[in-house]
Amino acid sequence: MNAKANNTNEKVRQLQRKLYQAAKLSGKRKFHALFDKIYRMDILEESWKRVKSNKGAGGIDHMTLADVEVYGVVKLLKEISEELISGKYRPRPTERIYIPKDNGKTRPLGLPTVRDKIVQMATKMVIEPIFEADFKDFSYGFRPKRSQHMALEVVKKACNNKGYWVVDTDIKGYFDNINHDKLMLLVEERINDRRILKLIRGWLKAGVMVDGKLEATVKGGVQGGVITPLLSNIYLNYMDRIWEKYGSHLGKLVRFADDSVVICKTKKDANHAMGLIREIMRRLELELNEEKTKLVSLWGGKEGFDFLGMHHRSSKEIHSRGHVYYTTIQFPSKKAMKRMKLAVKELLGNRGRLKMDIKDLIKIMNPKIRGWRNYYGLKTAKKWLRSIDWHILQWFTRWWNKKRQKRKHLSRIPWVRQQLQTFGLEKLAI
């Protein structure tokens with residue numbers, strides 16, 4: 001089974017390499033014959049594997065990933081292949097759910113059916129290499145072999161290279177306001193296979209089920225769709241192209257999906273950069289969130305900005321020889337700190353946890369700590385990570401004392417610390 005899976009994966013990679021190389025060779029080439037790749041069983045098998053690894057809930061037909069395995073994976077994939085070949089495949093509406101945000105509000109999210117996820121993933125696997133050939137180096141979000149840490153490192157270097165002014169922008173409701181017609185025009189610059197174009201239009205127009213009623217989608221990305229990150233990058237690649245042509249002399253643009261900053265050397269350049277971005281947003285029929293969009297001066301460390309969960313600020317440092325200099329430091333933003341503290345409180349402040357053993361709680365907490373450390377564990381962030389370690393110790397102490405019905409919830413901190421060390425609680429600051 002593993003040999004077959006590896007062979008399938010290699011076939012997919014070979015196809016993707018060929019498509020990428022062909023697209024890179026000619027920036028104006030349009031690809032006509034792609035649909036037959038999507039219904040290939042090796043593509044669908046790899047698609048299922050990736051959909052399954054992403055986990056997630058089912059859509060309006062209530063079919064879950066577990067249900068697919070009971071039904072028969074190969075059986076379902078053959079049915080999907082036949083529907084695509086015969087032209088009978090029709091995208092289903094997504095099911096609307098609401099995800100809580102840090103500010104107490106909620107964010108709408110759509111759940112596609114598992115069938116739609118599989119077809120979207122197969123389509124993404126086929127067309128993504130073509131658009132990857134066009135995407136710019138300063139775009140990092142939801143792209144193969146690119147990460148948030150890569151973007152953060154570029155930001156740090158640009159700020160340290162006399163980047164005293166930052167254009168910090170925020171697009172208002174980006175995913176909900178993508179213009180379908182303009183998006184399709186951008187897709188059609190590379191894809192000329194009418195059946196694939198029909199698929200994408202079908203997902204965009206499939207609608208959303210809200211409380212059992214179908215609501216039309218006249219704009220916005222595919223709600224919760226597997227293909228949404230790629231489509232959103234295709235849409236904002238227009239911004240990248242315009243910036244490369246008219247704005248690259250103004251500063252360093254770093255974009256991660258719809259989150260972007262421009263690091264400039266002068267306030268004049270920053271103002272021009274802001275003007276150009278506003279014009280690009282106008283052409284894309286998008287709006288900037290004026291409350292969150294601003295110019296930030298890094299001079300002297302009086303101001304900073306948040307980007308990708310990190311706060312960036314110029315800090316005064318002293319060299320070993322006594323030389324004073326400024327460098328950019330990165331540490332978890334206030335929002336990220338609040339989110340981590342809330343997660344600790346939800347885990348250890350729950351009365352149901354009082355029945356558990358400290359070893360079991362540590363097993364639950366350690367993966368969270370490792371995940372936070374892997375992302376936020378930068379050299380300049382230790383001070384802030386120590387405060388989270390202290391917060392975790394306090395909540396373990398509260399849990400310990402409540403479990404023993406002690407009135408002083410923060411008594412015996414040294415003893416609890418020793419217990420946590422004995423049973424292997426990991427630390428954020430190392």
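As the structure is a prediction and not an experimental result, all values here were calculated from the model.
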| message | Would the distance check show the side chain of S47 and the main-chain N or O of I43 forming a donor-acceptor pair, the cut-off being under 3.5 Å? | response | no
| message | I need the single residue from V126, I200, I196 that forms a side chain to side chain contact (heavy atoms under 4.5 Å, CB included) with I191. Which is it? | response | I196
| note | Separation between NZ (K345) and NZ (K341), nearest 0.5 Å, reads 12.0 Å
Quiz: residues 27-34 side-chain donor-acceptor pairs under 3.5 angstrom, not counting sequence neighbours:
{"residue": "K30", "atom": "NZ", "partner": "E188", "partner atom": "O", "Å": "3.4"}
{"residue": "H32", "atom": "ND1", "partner": "N192", "partner atom": "ND2", "Å": "3.2"}

| field | Residue among V344, L347, I362 satisfying side chain to side chain contact (heavy atoms under 4.5 Å, CB included) with F396 | value | I362
| field | Ring centre gap for F331 and H312 strictly below 6.0 Å | value | no
| message | Can you tell me how the ring of H323 sits relative to the ring of Y325, calling it parallel under 30°, perpendicular over 60° and tilted otherwise? | response | parallel
| query | To the nearest 0.5 Å, what is the distance between CG (D170) and CD (E287)? | reply | 12.0 Å
| Exam field: side chain Q120 to backbone I227, donor-acceptor pair closer than 3.5 Å | yes
| task | Taking atom CZ of R370 as the centre, report whether more than 12 heavy atoms of other residues, nucleotides or ligands fall under 6.0 Å from it. | result | yes
| query | For the side chain of S333 and the backbone of H311, is there at least one donor-acceptor N/O pair under 3.5 Å apart? | reply | no
| Pairs in or reaching into residues 229-245: which pass side-chain hydrogen bond (donor to acceptor under 3.5 Å, both in side chains), with residues at least two apart or in two chains? | K136-E244, E189-R241, N233-R255, Y238-R283, D240-R255
| field | Salt bridge present between D176 and K219 (N-O < 4.0 angstrom) | value | no
| query | Would you say S387's side chain and W384's backbone share a donor-acceptor pair under 3.5 angstrom? | reply | yes
| message | Between N160 and T328, is there a side-chain donor-acceptor contact under 3.5 Å, judged purely by atom types and distance? | response | yes
| task | Look at atom NZ of K268 and say whether more than 12 heavy atoms of other residues, nucleotides or ligands are closer to it than 6.0 Å. | result | no
| query | Can we say R90 and E83 salt-bridge, meaning some charged N sits less than 4.0 Å from an Asp/Glu carboxylate O? | reply | no
| Minimum-distance pair of heavy atoms, taken over all atoms of V12 and M125 | CG1-CE, 3.6 Å
| task | Please name the residue in the list N289, L236, L284 that meets the side chain to side chain contact (heavy atoms under 4.5 Å, CB included) test with I171. | result | L236
| Side-chain heavy atoms of D181 within contact of L185, under 4.5 Å | no
| query | Nearest 0.5 Å, what's the SG-CD distance between C159 and Q330? | reply | 8.0 Å
| request: To the nearest 0.5 angstrom, please state how far the CE atom of M365 sits from the CG atom of L348. | output: 4.0 Å
| Ring-face cation contact, Y71 with K75, 6.0 Å cut, 45° max | yes
| request: Count the heavy atoms of every other residue, nucleotide or ligand shown that sit under 6.0 Å from CD1 of I99, and state whether that count exceeds 12. | output: yes
| said: Under 3.5 Å, is there a donor on one side chain and an acceptor on the other for T169 and S260? | reply: yes
| task | State whether the side chain of Q16 and the backbone N or O of P129 hold a donor-acceptor pair below 3.5 Å, judged by distance alone. | result | no
| N/O donor-acceptor pair under 3.5 Å between S314 side chain and W299 backbone | no
| message | Using every non-hydrogen atom in the two residues, find where P112 and G225 come nearest and quote the distance to one decimal. | response | CG-CA, 4.0 Å
| field | Heavy-atom donor-acceptor pair, H149 side chain to Y375 backbone, under 3.5 Å | value | yes
| So does E291 have more than 12 non-hydrogen atoms from other groups sitting under 6.0 Å from CD? | no
| query | Are there more than 12 heavy atoms of other residues, nucleotides or ligands under 6.0 Å from atom OH of Y246? | reply | no
| task | Look only at the side chain of R313 and the backbone of K302, and say whether a donor-acceptor pair between them is shorter than 3.5 Å. | result | yes
| task | Rounded to the nearest 0.5 Å, what's the gap from CD1 on I80 to CH2 on W48? Could you check? | result | 9.5 Å
| query | Are the charged groups of R143 and E128 less than 4.0 angstrom apart, N to O? | reply | no
| Would you find a donor on one side and an acceptor on the other, under 3.5 Å apart, between the side chain of T228 and the backbone of V222? | yes
| query | Does atom NZ of K172 have more than 12 heavy-atom neighbours from other groups under 6.0 Å away? | reply | no
| message | Strictly below 4.0 Å, N to O, side chains only: are E46 and K49 in salt-bridge contact? | response | yes
| task | Tell me yes or no: between the side chains of S315 and E317, is some donor less than 3.5 Å from an acceptor? | result | yes
| request: Report yes or no: does K316 contribute a side-chain atom to a donor-acceptor pair with the main-chain N or O of V324 at less than 3.5 Å? | output: no
| Short N-O contact, E45 and R50, less than 4.0 angstrom | no
| query | Which heavy-atom pair separates G304 from V296 by the least distance, and what is that distance? | reply | O-CG1, 3.4 Å
| query | Would you call R146-E132 a salt bridge at under 4.0 Å N-O? | reply | no
| task | To the nearest 0.5 angstrom, please state how far the CE atom of M274 sits from the CD1 atom of I277. | result | 7.0 Å
| More than 12 heavy atoms from other groups under 6.0 Å of NZ on K252 | no
| NZ (K205) with more than 12 external heavy atoms under 6.0 Å | yes
| task | Consider only side-chain N and O atoms of D116 and Y89, and report whether a donor and an acceptor are under 3.5 Å apart. | result | yes
